[in-house]
Amino acid sequence: MRPFTYERADGLAELARRALQTGQGQVDAEVQFLAGGTSLIDLMKLDVLRPRSLVDITPLAAEHGTVELRPDGLRIGALASMASVAVHPGVVEQYPAIAESLRLAASAQLRNMATIGGNLLQRTRCPYFRDPSWTACNKRLPGSGCAALDGINRNHAVLGVDTSCIAQYPGDLGVVLAALDAQVELAGPRGARRVPFSTLHRPPGGQPHVETTLLPGELITEVAVPAGAWTRRSLYLKIRDRASYEFAIASAAVALDLDGETVRSVRLGIGGMAYRPWRAAEAEAALTGKPLTEANAEAAAEIALRDAVTNGHNAYKPELGRRTLVRALLQARAM
Amino acid sequence: MNYDPQSLLGQATPRVDGVAKVTGAARYAADEVVANPAYAYLVTSAIARGRIAGFRLEQAMAVPGVLDILTHENVGDALKQSPPGPDGKPSTTTLESERIWHDGQIIAVVVADTFEAAREAAHKVEVDYAEERPAGTFGDEGTQTEPAEAPFGPNPEVGDAAGAFAAAPVKVEARYATPTQHHNPLELFSTTCAWEGSKLTVYEPTQFMHGTKARMASQLGLDIQDVRAVSRYVGGAFGSKGVNGRAAWVAIAARRVGRPVKLVATRADGFTTNSYRAETLQHVRLSAERDGRLTSFFHEGWELSSRPSPYCVAGTEQTARMYACPNILTRVNVVHADRNTPGYMRAPAETPYMFALESAMDELSYALGMDPIELRRVNDTQIDPVSGRPFSSRSLMPCFDAAAVRFGWQRRDPQPGSMRDGEWLVGYGCATACYPVFTGPAGARLTLMPDGRAQVAMAGHELGTGAYTAVAITAARLLGIDVDDVTVSMGDSDLPPVIVAGGSSNAASTALATAKVCEEARRRLAAAAVTAADGPLRGLDPDALVLVEGRLRHDGGAEEPIRDALVRVGGRLEVYAEHVPDGLPRGAVAALGDGQLLFQHNGNRSDVTAFAFGAQLVEVRVHRRTREIRVPRVVSAFAAGTIINPMAARSQFMGGAIWGLASALHEATELDHGAARYVNKNLADYMIPVNADVPSVDIIILPEKDERVNALGIKGIGEVGIVGMNAAVANAVFHATGKRLRELPIRAERLL
Ligand SMILES: Cc1cc2nc3c(=O)[nH]c(=O)nc-3n(C[C@H](O)[C@H](O)[C@H](O)COP(=O)(O)OP(=O)(O)OC[C@H]3O[C@@H](n4cnc5c(N)ncnc54)[C@H](O)[C@@H]3O)c2cc1C
Ligand code: SF4
């Protein structure tokens with residue numbers, strides 16, 4: 001850990017005026033926003049992130065820390081804690097997959113500290129990224145290579161990867177938001193804008209050190225999830241090596257609108273095996289208009305994992321991913 | 001001695017140090033307050049094999065508050081002797097030279113005014129390496145394999161195993177693998193050193209007070225009298241807190257900066273600067289008659305070690321003795337690689353090796369079409385098949401029977417994959433647990449105060465096992481006073497030497513010494529009472545006097561309060577006694593004081609073979625589709641002779657069983673093969689179970705009276721609880737799924 005300066009953000013206007021060069025997408029940014037700190041401070045102690053300056057955005061919680069249930073959808077303030085969103089009655093009832101993805105994430109202590117914005121922007125758990133004594137990591141040291149390709153990669157991604165980086169996006173909530181077509185509200189020096197959540201995280205594209213499409217100084221203020229017939233019948237299934245306090249080795253978010261046995265509309269997200277929050281759009285299309293039978297679920301899962309690329313220890317992931325999707329779909333049908 | 005072992009068969013007694021621990025008053029080594037300390041931080045190697053070509057220290061030295069950076073280039077000959085491996089034999093080195101033996105080796109020690117400055121500077125130390133291609137583990141090019149001898153005797157061999165195997169009607173043959181594992185005690189590894197002139201005090205969590213003292217003296221070239229080691233409480237050790245490569249450098253750093261120096265190594269450092277459970281490969285052949293009686297047993301193991309160290313655990317010494325079998329052949333090999341030296345870790349030999357034997361027994365039960373518990377019954381024996389000597393006591397089948405009833409084993413449908421509960425496949429599995437009895441020498445000093453209260457002092461070790469309480473209970477029983485009236489001091493090398501707290505020997509060794517010193521006190525009080533000019537006990541037979549209920553009492557009924565008896569010996573009585581197990585030299589306690597290790601064990605005793613035994617039964621559930629494995633129920637029964645404190649014993653057995661579950665399903669230190677470096681050196685990635693993984697652990701303690709193992713009938717309880725779990729879980733997974741997994745840990749992907 002290296003010395004850094006610490007400031008508190010007084011308000012969005014002040015932040016915008018100062019046009020901080022946060023370079024949110026970059027792991028080597030010199031200025032970083034501090035929310036719950038559970039991902040950021042951890043990586044600073046490990047000497048992976050070395051910001052010279054932290055800007056504490058938790059004072060923004062007064063304005064951007066609540067959950068609002070509207071007829072057209074759900075709005076979650078980026079500074080709301082994971083814990084508060086997980087138990088919000090409206091979320092539990094109308095968007096159970098969101099509540100479940102948060103309830104199954106991390107530990108109670110972390111969920112109390114951590115924010116929704118920070119959760120979405122948490123860094124990969126790739127061990128070669130998290131330990132600077134490894135010299136080959138494109139995400140940490142652009143152009144240095146990727147130690148995970150031939151290394152220990154049991155929990156590395158198989159979807160959305162390329163040879164520059166196979167790191168897994170470890171978060172749970174993001175998988176649900178990808179499935180539910182969420183949007184994120186951003187604020188920055190050049191004003192506010194709203195972008196689809198699915199465009200927030202960039203593919204590796206040979207530049208895995210640039211992780212998001214945020215502009216310098218931009219921060220997430222809110223997450224908006226559109227309402228839909230499918231949100232009530234939604235779930236998040238997380239497969240992991242132990243029963244609690246553990247990242248997924250496979251997960252699935254399913255939101256389902258059924259007409260009897262027939263799928264009117266379905267949203268599918270896949271976690272625990274993708275480079276970024278992953279939506280299985282082709283699999284959704286394959287299921288739409290068909291009865292939700294085990295065979296059809298399996299066919300859709302086949303499509304969802306069709307393009308998986310494995311690298312050794314993670315060779316099991318496509319099969320586990322298929323099974324997880326099928327199980328999640330059948331469980332959602334039974335809801 | 002005139003005490004009855006059964007008198008120790010204890011009542012559940014809460015920890016005498018419980019309040020101190022839960023209120024934070026208990027001082028662990030790193031909590032000890034020293035004046036004006038400087039803080040150290042380790043720099044460790046980022047390669048596994050090669051040399052340090054040079055350091056660039058400018059940036060690090062420029063960090064405000066940095067006092068010193070020790071490297072091989074500037075420490076000269078400050079270290080007089082390199083620390084040995086856990087077996088006392090050669091091991092890897094640290095700052096002695098530019099040589100790098102393994103990943104994460106200590107290569108520099110940064111000392112600064114604050115921990116934060118030391119850490120920042122350590123991150124800024126730049127190292128140039130001359131790297132060589134490392135070999136990390138089995139199968140990597142460049143490892144060297146050599147045959148080894150078991151540590152406690154020749155490799156067991158009886159009859160003609162190969163011939164019997166060839167001729168047998170039923171046989172199984174399989175290869176098994178167990179992973180690298182790390183102890184990860186909650187308390188991090190720490191060393192604090194303070195000099196006063198030529199005298200050194202070292203505060204360090206240790207399992208061997210006098211060993212730490214002697215080791216520091218020899219490594220630093222000091223007179224042994226000039227070193228004091230202090231370790232009042234240890235936050236878990238499990239075999240990891242002994243000889244290490246860091247301690248001497250902290251002392252040297254303290255001398256260089258002229259201030260006490262405190263080092264608390266990071267969790268990651270704990271993975272590479274201390275020992276670990278080495279990975280093993282094993283090959284087993286078992287054959288039997290159709291009625292299940294074993295005709296042959298072959299067991300060969302390969303264990304990983306560092307380049308210089310021959311350390312091995314050779315659990316074949318135990319597996320060869322488990323069942324009646326006329327033909328036995330065992331072999332052990334050490335495979336040298338570019339790794340640090342492994343060491344003792346809870347049931348070091350038994351945990352990996354019993355996994356192989358007990359899995360193979362399960363495989364044999366299916367080959368025979370026989371219930372696995374019945375197979376063990378058919379082969380149960382009261383005679384050690386290797387030495388021909390009797391077991392001091394062996395209650396294995398009573399353990400199985402008690403556990404089977406509690407578990408509901410009769411509900412088991414033997415057909416694999418046949419039991420289900422909704423979406424979950426259900427499997428039942430069982431295995432034998434065992435742990436050999438080790439007993440060591442110990443000295444103890446007892447002071448009886450004028451008010452009848454007692455103080456017991458010995459350089460014992462409280463690792464979280466309840467050692468203070470066990471000694472207090474023993475002294476209270478034998479002195480006829482309340483536990484609350486006994487004060488116990490431990491954890492200081494100024495106190496009488498006690499054997500290392502290892503090999504589950506702690507309870508027996510300290511209780512036997514405590515008993516001896518209490519008996520000495522009774523004898524002195526009795527002698528004074530019967531020879532006194534007056535008093536109720538005058539003229540009676542001193543050997544007919546006992547201490548009970550705060551009194552010195554004759555079996556005829558005459559008695560006087562201890563307080564009155566004490567007046568006759570000057571009001572206060574201080575006695576010292578040593579207990580040396582049979583077969584060890586008389587000067588054994590003094591030898592401990594010089595840091596030597598002397599145990600009575602199955603390899604050097606000629607009367608009996610002594611083991612604690614247990615039976616471990618588990619239920620696993622495997623999801624039929626996604627294959628997560630969960631263990632809703634564990635039932636384990638143990639018979640381990642005299643139990644001093646059933647409350648502490650239960651928690652030891654339970655902790656062992658939970659750790660065994662972890663070993664079967666979760667724990668593994670992952671090695672990057674190309675680099676020969678660990679990648680999951682933290683408690684987020686090195687998986688251990690959380691509460692949700694252990695819904696129910698049911699422990700049964702069977703009474704067992706063993707008059708041969710030692711005078712108090714104590715066998716030791718600390719390690720046996722982990723031993724059977726690896727195989728019990730694997731066997732249950734087979735029962736649930738029909739898939740035999742012979743490599744640990746068992747994870748979902750292996751069942752897809
Ligand atoms: C042991 C452990 C286990 C965990 N297990 C899980 C799990 O199972 N599932 C799971 O999903 N997560 C898990 N997590 C991750 C945890 O959820 C995240 O650490 C947490 O959500 C991050 O939130 P934070 O507010 O603490 O973010 P911080 O650490 O404060 O910030 C993280 C990053 O986001 C940036 N940032 C934060 N807020 C904003 C914003 N509003 N706008 C722009 N940038 C912002 C910061 O600059 C920083 O780069 C685990 C973490 C740990 C340590
Ligand atoms: S997978 Fe990505 S984060 Fe991990 S080592 Fe490779 S480049 Fe770095």
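Values below: every heavy atom of this structure, side chains too, minus hydrogens, waters and symmetry copies. Treat the numbers as computed from the prediction; the structure is a model and nothing was measured. Sequence lines set the chain letters: A, B, ... in the order given, protein chains first and strands last, and positions in each chain run from 1.
For a residue to count as touching a neighbouring chain, one of its non-hydrogen atoms must lie under 4.5 Å from one of that chain's; by this rule B/Ala684 touches chain A with backbone and side chain alike. Contacts between A/Leu330 and chain B at a heavy-atom distance below 4.5 Å involve the side chain alone, from C-beta outward. There is no contact between A/Phe247 and chain B, counting heavy-atom distances below 4.5 Å. For B/Tyr678, the part lying near chain A is the backbone, with the side chain staying farther off; criterion is any non-hydrogen pair under 4.5 Å.
The residue among A/Trp134, A/Tyr245, A/Tyr316 with the most heavy atom pairs within less than 4.5 Å of chain B is A/Trp134. When each of B/Asn680, B/Leu752, B/Val690 is scored by its heavy-atom pairs under 4.5 Å with chain A, the top score falls to B/Leu752. Chosen from B/Arg750, B/His673, B/Lys124, the residue pairing most often with chain A at heavy-atom distances under 4.5 Å is B/Lys124. Residue with the most contacts toward chain A among B/Val679, B/Ile47, B/Thr266, B/Thr44: B/Val679 (heavy-atom pairs, distance under 4.5 Å). Chain B forms more heavy-atom pairs under 4.5 Å with one residue of A/Glu246, A/Arg154, A/Arg125, A/Arg2 than with any other, namely A/Arg154. Contact count versus chain B (heavy atoms, under 4.5 Å) is highest, among A/Ala315, A/Gly151, A/Pro3, for A/Pro3.
For the pair B/His123 and A/Lys45, the tightest heavy-atom approach, listed with the atom from each and the gap, is CE1-O, 3.5 Å.
The distance from the CZ atom of B/Arg627 to the CG atom of A/Leu320 is 11.0 Å, given to the nearest 0.5 Å. Taking CG of B/Asp685 as the reference point, atom CD1 of A/Ile152 lies at 11.5 Å (rounded to 0.5 Å). With values rounded to the nearest 0.5 angstrom, A/Ser244 atom OG is found 9.0 Å from B/Asn691 atom CG. Rounded to the nearest 0.5 Å, atoms NE2 (B/His666) and CG (A/Asp241) are 7.0 Å apart.
Using a 3.5 Å distance cut-off with no hydrogens or angles, the side chains of B/Thr626 and A/Arg323 do not pair a donor with an acceptor. With hydrogens and angles left out, the side-chain atoms of B/His623 and A/Arg327 include a donor and acceptor closer than 3.5 Å. A side-chain N or O of B/Arg677 and one of A/Ser133 form a donor-acceptor pair less than 3.5 Å apart.
Taking 4.0 Å as the cut-off between side-chain N and carboxylate O, A/Arg50 and B/Glu120 do not count as a salt-bridged pair.
No side-chain heavy atom of A/Arg240 sits under 4.5 Å from any side-chain heavy atom of B/Glu628. Side-chain atoms of A/Asp131 and B/Lys681, non-hydrogen and from C-beta on, do get closer than 4.5 Å to each other. Between A/Asp47 and B/Arg119, the closest side-chain pair of non-hydrogen atoms is not below 4.5 Å.
One N or O on the side chain of A/Arg242 and one on the backbone of B/Ile688 form a donor-acceptor pair closer than 3.5 Å.
No more than 12 heavy atoms of other residues, nucleotides or ligands shown are found within 6.0 angstrom of CE on A/Met113. Annotation for A/Arg306: atom CZ counts as buried by contact number, over 12 foreign heavy atoms lying within 6.0 Å. Under a cut-off of 6.0 angstrom, the local environment of CZ in B/Arg133 is sparse, with at most 12 non-hydrogen atoms contributed by other residues, nucleotides or ligands.
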Query raised in the report: Under the side chain to side chain contact (heavy atoms under 4.5 Å, CB included) criterion, do A/Val326 and B/Arg625 qualify, and how do the steps go?
Result: CA-CA 9 Å; A/Val326 172; B/Arg625 208 182 282 276; 3.3 Å; yes

